[in-house]
Amino acid sequence: MGQVTVIEHPLIQHKLTLMRKSETSTAKFRSLLKEISLLLAYEVTRDLPLKHELIETPLSPMQAPVLAPDKKLVIVSIQRAGQGILDGMLELMPSARVGHIGLYRDPKTLVPIEYYFKVPQDIDKRDVVLVDPMLATGNSAVAAVHRLKSTNPMSIKFVCLLAAPEGIEHFCEAHPDVPLFTVAIDDKLDEHGYIIPGMGDAGDRLFGTR
Ligand code: URA
């Protein structure tokens with residue numbers, strides 16, 4: 001059930017460890033998230049189709065590979081922590097379109113409440129990369145994918161940094177057709193829905209709000 005890929009590249013794993021450390025500053029956390037996201041973008045776009053076009057090098061003509069123009073991406077960020085991954089991915093794919101989903105977790109029920117939704121009008125002709133650093137209960141990611149499916153995109157992939165086993169199970173049960181990419185699968189959730197050992201509140205650490 002589900003398609004889960006754990007991205008085990010040593011550079012990503014090392015940077016994730018730096019992000020987890022409680023002494024890592026907001027500025028460092030932000031720049032590490034950007035660097036990891038660039039590498040994640042590289043992994044999730046591995047299957048982008050290529051076509052060949054005739055070009056001239058200084059020495060010879062050749063048929064050279066370029067990205068197929070009919071394959072268009074939209075990166076959709078779950079606010080607010082998704083913004084950190086979005087910024088990194090846009091460095092590698094500057095012409096990708098961007099969508100935003102505003103969801104917050106009700107602190108008592110942990111149920112996601114939508115307060116914002118804006119995606120490109122032609123999303124039905126695009127492949128979606130949905131990003132959020134933490135897959136904890138899975139409630140937000142599951143709700144975001146449901147909402148995105150209602151706009152009929154060509155495909156959806158979900159990318160996070162850390163996942164809890166509970167979140168993976170919930171996500172794969174709700175959306176077995178959506179590939180999930182993560183850098184690590186941690187031990188469990190605590191009673192407040194935080195990932196253990198995790199990295200704390202990704203939004204707070206990214207924006208320095210606590
Ligand atoms: N959201 C976070 O930012 N951190 C967690 O551990 C869980 C959800």
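We count ligands from 1, going down the list as the structure has it; atoms in each ligand are counted the same way. All heavy atoms count here, side chains included; hydrogens, waters and symmetry mates do not.
A donor-acceptor distance shorter than 3.5 angstrom exists from the side chain of R205 to the backbone of T24, with no hydrogens or angles considered.
For M134, no nitrogen or oxygen atom sits less than 3.5 Å from a nitrogen or oxygen atom of ligand 1, counting backbone and side chain alike. At under 3.5 Å, not a single nitrogen or oxygen of G203, backbone or side chain, sits near a nitrogen or oxygen of ligand 1.
The closest protein non-hydrogen atom to atom 6 (O) of ligand 1 is I195 N, 2.8 Å. Shortest contact from atom 3 (O) of ligand 1 to any protein heavy atom: A202 N, 2.7 Å. Scanning the protein heavy atoms around atom 5 (C) of ligand 1, the nearest turns out to be Y194 CD2, 3.3 Å.
For G193, the heavy-atom gap to ligand 1 drops under 4.0 angstrom. Contact between G200 and ligand 1 is present, with at least one heavy atom of the residue lying under 4.0 Å from the ligand.
The salt bridge (charged side-chain N to carboxylate O under 4.0 Å, His left out) contacts involving residues 183-195 comprise R20-D186, where partners must be two or more places apart or lie in separate chains. Counting only residues at least two apart or on different chains, the salt bridge (charged side-chain N to carboxylate O under 4.0 Å, His left out) pairs with a member in residues 136-153 are E114-R147, K149-D177.
Nearest heavy atoms, K157 versus V44: NZ-O, 2.7 Å.
Between T151 and Q121, every side-chain heavy-atom pair lies at or beyond the 4.5 Å cut-off.
Of the residues listed (T45, L38, L40, L73), the one engaging M89 in a side-chain contact (heavy atoms from CB on, under 4.5 Å) is L40, and it is the only one.
Heavy-atom neighbours of Y104 OH from other residues, nucleotides or ligands within 6.0 Å: at or below the threshold of 12.
At a heavy-atom distance under 4.0 Å, only side-chain atoms of A136, from C-beta outward, approach ligand 1.
Every atom of ligand 1 with a heavy atom of D201 under 4.0 Å away is listed here by number and element: 2 (C), 3 (O), 4 (N).
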